[in-house]
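This report concerns only the one structure given below.
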Amino acid sequence: MTHVLIIGAYGSAGVAVADKLVPHVGDDIDRLTFVDDGDPAGGLCILRGCMPSKELLSAAGHHYQARHDDRLAGDAPEMDLDAIVETKDEHISGFASHRRAAVRKMAETDGVELVRERGQFVGERRVRAGDREFDPDYVVVATGSSPFVPDLPGLDEVGFSTSADVLDATDLPDSGVVMGFGYVGLELVPYLAEAGVDLTVIEHDERPIDEADPEFGDELLDIYRDDFGVEIRTEVYEERVESTDDGGVRLHLDDGSAVDADEVFLFTGREPNIDGLNLDAAGISPGEGWVDDTMRAVDDERVYVVGDANDREPILHVAKEQGFVAADNILADIRGGDLSEYHNVHHHVIFSGATVYPYARVGHSAASAADAGLEHAVVTREARDDGVFKTKATPKGLASLVVGPDGTVLGYQGLHYHADVMAKTMQVAVEMELNVSDIPDRAYHPTTPEILDSLFRQALAELDE
């Protein structure tokens, strides 16, 4: 009998594995066990991640556009934090309920069981959940991630707010200092700014968005400083933090300066949520390269680790794709077949600029194409040159297209209105290795046709020279 057990079955990665394996119970698989103690259950993305954050960002985006549209008279209304959080909670409750119902329905299949307990290893491929122990043939770890808290002197004493705290906040301080300007910070800083918080952001590098070509990070800095009124300190590091006599905080930086604020906002990323799994008992040592491209733990070829838990790329769609690959590989291993490796086409979206100016990248940037030794050409267009963006009062940003010498689309980057929508079209172009000459005019989102059309034409003109 073949038994597969999934730890973290309510998360996006765990559900992806389950969804693929359930149809094979009674055939390749005799027994499938879901283990998850989430309360409420529903998974990180639905409860505390990308879905609730978009609710907040939607409100911030409307507020931003009301402030910046000269065609509207009068002051923009205040953001009602109580209404924002209440609406978010209502929507998230519905989304989570749908996820719970889907998992429960799968668990009604003969041979499938849902165990609402915390799972942890007590031996090699031996798992305890509550007062029960299981000896499955395959274990899938899909336990997600938790906020990373840096080891900064004084931080525990002064306290801080994470992204989860911001999602539930109906009262915000007058001022704040932000540690962490990656995905989480880039999305939540505009929300806090639109809600009236006077912010200072600490950025370790010269500019944000490591994966982007420099001009995109520079453009984003300008937008955040000019349009959102955020002070961004670049190329500095935090040294220590302390309380002030007036009940606030003072963050000391390595250039000798300090920032005073009412509160610290900690957006320093996430780390795998694996501390409670007791991996030592399973003979598994997490660390660099501990999970291979087939999604198997290198220390046990029948333990798969997917999603944020493997610390490879903590992105929702990646977690789901890894889950599908892990499920396929478990079935292949059962059948004695070859396993597949997971190599995704780079496709990321950051809902920066309160969703008004999202950043998206698909495939290669100019820098990554050069690093890969690919012969390529790059064309760039400013959003202010696009009439559609002007009419929508969103004229900032830029986009670039990377093409091979034969016109094959290698990559796209955008920091502009609807860049997230453009990324969907460009993902198809990159994955199918389309040529710019083969992409029909206006074969993309109808509300922003000009910027891609212009990039295609610029690329064709450059290739003809």
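The residues of the chain are indexed from 1 along the displayed sequence.
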Can you find a heavy atom in the side chain of [X] that is under 4.5 Å from one in the side chain of [Y]?
X: Lys20; Y: Val17; answer: no
X: Phe160; Y: Leu155; answer: yes
X: Val436; Y: Leu401; answer: yes
X: Asn329; Y: Tyr342; answer: no
X: Leu251; Y: Leu253; answer: yes

Are any side-chain N or O atoms of [X] and backbone N or O atoms of [Y], one a donor and one an acceptor, separated by less than 3.5 Å?
X: Arg381; Y: Asp385; answer: yes
X: Ser58; Y: Glu55; answer: no
X: His416; Y: Gly414; answer: no
X: Glu187; Y: Phe351; answer: yes
X: Ser93; Y: Asp89; answer: no
X: Thr87; Y: Ala83; answer: yes
X: Ser146; Y: Asn273; answer: no
X: Arg48; Y: Ala164; answer: yes
X: Thr268; Y: Phe148; answer: yes
X: Glu231; Y: Val201; answer: no

Interatomic distance, [X] atom [atom1] to [Y] atom [atom2] [nearest 0.5 angstrom]:
X: Ile223; Y: Asp218; atom1: CD1; atom2: CG; answer: 11.5 Å
X: Met79; Y: Leu192; atom1: CE; atom2: CG; answer: 8.5 Å
X: Asp168; Y: Asp171; atom1: CG; atom2: CG; answer: 13.5 Å
X: Leu415; Y: Phe216; atom1: CG; atom2: CZ; answer: 7.0 Å
X: Ser12; Y: Asp308; atom1: OG; atom2: CG; answer: 9.0 Å
X: Tyr412; Y: Thr425; atom1: OH; atom2: OG1; answer: 9.0 Å

Answer yes or no: are there more than 12 heavy-atom neighbours, outside [X] itself, under 6.0 Å from its atom [atom1]?
X: Asp174; atom1: CG; answer: no
X: His68; atom1: NE2; answer: yes
X: Asp338; atom1: CG; answer: no
X: Glu235; atom1: CD; answer: yes
X: His62; atom1: NE2; answer: no
X: Arg384; atom1: CZ; answer: no
X: Glu431; atom1: CD; answer: yes
X: Asp75; atom1: CG; answer: no

Tell me the closest heavy-atom pair linking [X] and [Y], and the distance in Å.
X: Leu56; Y: Val166; answer: CD2-O, 3.8 Å
X: Ser163; Y: Leu188; answer: CB-CD1, 3.6 Å
X: Leu186; Y: Pro190; answer: O-CD, 3.2 Å
X: Val305; Y: Ala297; answer: CG2-CB, 4.4 Å
X: Ser365; Y: Val402; answer: C-CG2, 3.9 Å
X: Gln322; Y: Gly307; answer: OE1-N, 2.8 Å

Pick from Asp226, Asp227, Asp222: which one makes a side-chain hydrogen bond (donor to acceptor under 3.5 Å, both in side chains) with Lys396? Asp227
Check the pair Glu157 / Ser243 against side chain to side chain donor-acceptor pair (under 3.5 Å), numbers first and verdict last. CA-CA 8 Å; Glu157 287 76 20; Ser243 299; over 6 Å; no
Can a salt bridge be assigned to the pair Arg67 and Glu194 using a cut-off of 4.0 Å between side-chain N and carboxylate O? yes
Are Asp255 and Arg233 ion-paired here, with the side-chain N under 4.0 Å from a carboxylate O? yes
Less than 3.5 Å apart, any donor N or O on the side chain of Glu263 or Ser161 sitting next to an acceptor on the other?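 Present: a donor and an acceptor within the cut-off.
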Please work out which of the three classes, parallel, tilted or perpendicular, describes the rings of Tyr357 and Tyr64, given edges at 30° and 60°.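 It falls in the perpendicular class, over 60°.
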How about His346 and His364: are their ring centres within less than 6.0 Å of each other? no
Verdict with supporting geometry, His204 and Val236, side chain to side chain contact (heavy atoms under 4.5 Å, CB included): CA-CA 5 Å; His204 295 169; Val236 291; over 6 Å; no
The test is side chain to side chain contact (heavy atoms under 4.5 Å, CB included); show your working for Phe267 and Met179 and say whether it passes. CA-CA 6 Å; Phe267 303 146; Met179 294 172 53; over 6 Å; no
Checking side chain to side chain donor-acceptor pair (under 3.5 Å) for the pair Glu242/His252: CA distance, chi angles, key distance, verdict? CA-CA 8 Å; Glu242 62 183 355; His252 294 268; 2.9 Å; yes
Applying side chain to side chain contact (heavy atoms under 4.5 Å, CB included), run through Phe265 and Val177 and close with a yes or a no. CA-CA 6 Å; Phe265 290 100; Val177 57; over 6 Å; no
Step by step, would you call Val241 with Arg250 a side chain to side chain contact (heavy atoms under 4.5 Å, CB included)? CA-CA 6 Å; Val241 63; Arg250 177 170 296 132; 6.0 Å; no
